Amino acid sequence: MRVLVSGGAGYIGSHTVIQLIAAGHDVLIVDNFANAKPTVVNRLEAITGRHLPVQAFDLRDVDKTEHLFAHEQLDAVIHFAGFKAVGESVEKPLEYYENNLGTTFSLVRAMRRHGVAKLVFSSSATVYGTDQESATEDRPTSATNPYGWTKVMQEQILRDVAVADPTMRIALLRYFNPVGAHESGTIGEDPTGIPNNLMPFIAQVAVGRREKLRVFGDDYDTPDGTGVRDYIHVEDLAAGHVAALARLARTDDPISTWNLGTGTGTSVLELLHAFERAVGRELPYEVVERRAGDIATSYADPSRAQAELGWVAKKSIDDMCADQWRWQSQNPEGYPDA
Ligand code: WQD
């Protein structure tokens with residue numbers, strides 16, 4: 001299929017582009033590079049050995065989006081583009097609602113005008129609100145921050161679109177905690193500024209960009225007192241998108257929801273020690289107060305994806321750390337600007 005990948009130069013989008021091509025699909029990347037560097041595309045072309053068509057614009061521009069759908073033959077869309085920083089969303093709620101919902105309105109309208117029915121949507125475990133232990137897809141959704149609400153709302157919008165237009169074939173994929181990098185070490189997670197997320201922060205401590213890890217609380221009701229999460233290798237996550245896309249080609253359901261996680265929880269300290277094994281030395285950390293809004297435990301029940309997509313996460317925590325470390329040590333400052 002010819003697949004439009006919105007946000008295709010981003011962390012998960014770039015890894016998914018590689019696996020789409022490996023699965024025999026053609027890809028068109030649309031990215032406004034608000035949260036990605038153009039260098040990523042060069043690296044993707046080196047890995048895939050293919051020229052990758054890219055259109056650099058904001059999908060909220062309905063004229064440019066219409067022009068793209070009118071002039072490009074497309075079979076499906078994978079929609080990654082959006083803002084995703086929880087803390088930033090609390091400070092800038094209007095930007096988050098306008099950007100995340102606006103891109104989806106523009107994209108889905110163009111899809112329907114041009115008969116593109118297959119949509120894989122990048123959602124998040126954050127829609128489970130504070131009830132994230134062994135989460136199953138039928139749980140009610142809620143959020144504790146504007147970013148999370150944009151995901152809850154986009155899911156609802158897409159469920160309503162599927163009722164109005166049952167020819168649509170939509171997959172809502174709920175990610176848990178994506179980490180790791182492509183085995184080449186040439187692409188990976190490159191957060192702007194101080195990383196919010198645990199794994200990139202640990203990697204930056206290991207490479208000497210950060211002094212030490214601050215562990216946000218060790219008084220949670222978990223085995224070692226630190227937060228427990230379902231870390232999933234970004235390559236397994238990308239494979240989940242390819243599997244979901246294939247399923248859309250043969251399902252009669254206008255909309256489906258799947259958790260993409262390992263089903264296993266790992267604590268902050270367990271992840272830190274796994275990373276130390278990858279680096280081969282101890283890494284400095286200090287336990288500090290809890291981070292506002294954090295929950296103790298979050299991990300998926302991925303059995304529906306296994307049963308319906310034939311998909312299961314294969315990579316271990318040690319794989320995730322080894323691959324993340326290869327990317328970070330080969331790219332201490334992340335991607336170059338030019
Ligand atoms: C993981 C654990 C922290 C940083 C977030 C978003 C979620 C999704 C994934 C988009 C927690 C602890 C972290 C640090 C720490 N994003 N931690 N020191 O919060 O589970 O999920 O990213 O969809 O929406 O909420 O991920 O990596 O920030 O935190 O101790 O410097 O690591 O307390 O227990 P989180 P995280």
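Since we're looking at a predicted model, the values are computed, not measured. First listed ligand is number 1; within each ligand, the first listed atom is number 1.
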To the nearest 0.5 Å, what is the distance between OG1 on T222 and CD1 on I295? 12.0 Å
Starting from atom 5 (C) of ligand 1, which protein heavy atom do you reach first, and at what distance in Å? N197 ND2, 3.7 Å
Give the numbers and elements of all ligand 1 atoms closer than 4.0 Å to a heavy atom of T126. 24 (O)
Taking atom 30 (O) of ligand 1 as the reference point, the nearest protein heavy atom with its distance: F216 N, 2.9 Å
For the pair Y96 and N145, evaluate side chain to side chain donor-acceptor pair (under 3.5 Å) and give the outcome as yes or no after the intermediate values. CA-CA 11 Å; Y96 267 69; N145 58 77; over 6 Å; no
Nearest protein heavy atom to atom 24 (O) of ligand 1, by residue and atom, and its distance? Y147 CE2, 3.4 Å
If hydrogens are left out, which of V268, I295, V205 has an atom nearest to atom 12 (C) of ligand 1, that is, the closest non-hydrogen atom? V268
Check whether the ring centres of W327 and Y11 lie less than 6.0 Å apart, and answer yes or no. no
Who are the salt bridge (Lys or Arg N to Asp or Glu O under 4.0 Å) partners of D218, not counting sequence neighbours? none
Quick one: does T103's side chain have a donor or acceptor within less than 3.5 Å of a partner on N99's backbone? yes
Identify the protein heavy atom lying closest to atom 33 (O) of ligand 1, giving its residue, its atom name and the separation to 0.1 Å. D294 OD2, 2.6 Å
Can you tell me if Y231 has a non-hydrogen atom under 4.0 Å from ligand 1? yes
Short side-chain to backbone donor-acceptor contact, K37 and Y335, under 3.5 Å: yes
Could you find the nearest protein heavy atom to atom 25 (O) of ligand 1 and give me its residue, atom name and distance? V86 CG2, 3.4 Å
Contacting atoms of ligand 1, where contact means under 4.0 angstrom from a heavy atom of N196: 4 (C), 28 (O)
Candidates K212, R290, R229; heavy atom nearest atom 11 (C) of ligand 1 found on R229
Just to verify, what does E276 make a salt bridge (Lys or Arg N to Asp or Glu O under 4.0 Å) with, not counting sequence neighbours? none
Name the closest protein heavy atom to atom 7 (C) of ligand 1, giving the residue it belongs to and the distance to 0.1 Å. S124 OG, 4.3 Å
With distance as the sole test, does D230 use its side chain to make a donor-acceptor pair with the main-chain N or O of T262 at under 3.5 Å? yes
In this structure, which one of I78, L68, L119 forms a side-chain contact (heavy atoms from CB on, under 4.5 Å) with L4? L68
Would you call the rings of F80 and Y175 parallel, tilted or perpendicular, where under 30° means parallel and over 60° means perpendicular? tilted
Counting heavy atoms only, which of G217, S123, G227, G293 comes nearest to atom 34 (O) of ligand 1? G227
Got the closest protein heavy atom to atom 13 (C) of ligand 1, with its distance? L198 CB, 3.7 Å
Which residue supplies the protein heavy atom nearest to atom 29 (O) of ligand 1, what is that atom called, and how far is it? R291 NH2, 3.3 Å
Closer than 4.0 Å to some heavy atom of V215 - which atoms of ligand 1 meet that? 30 (O)
Applying a heavy-atom cut-off of 4.0 Å, say which part of N177 lies close to ligand 1: side chain, backbone, both or neither. side chain
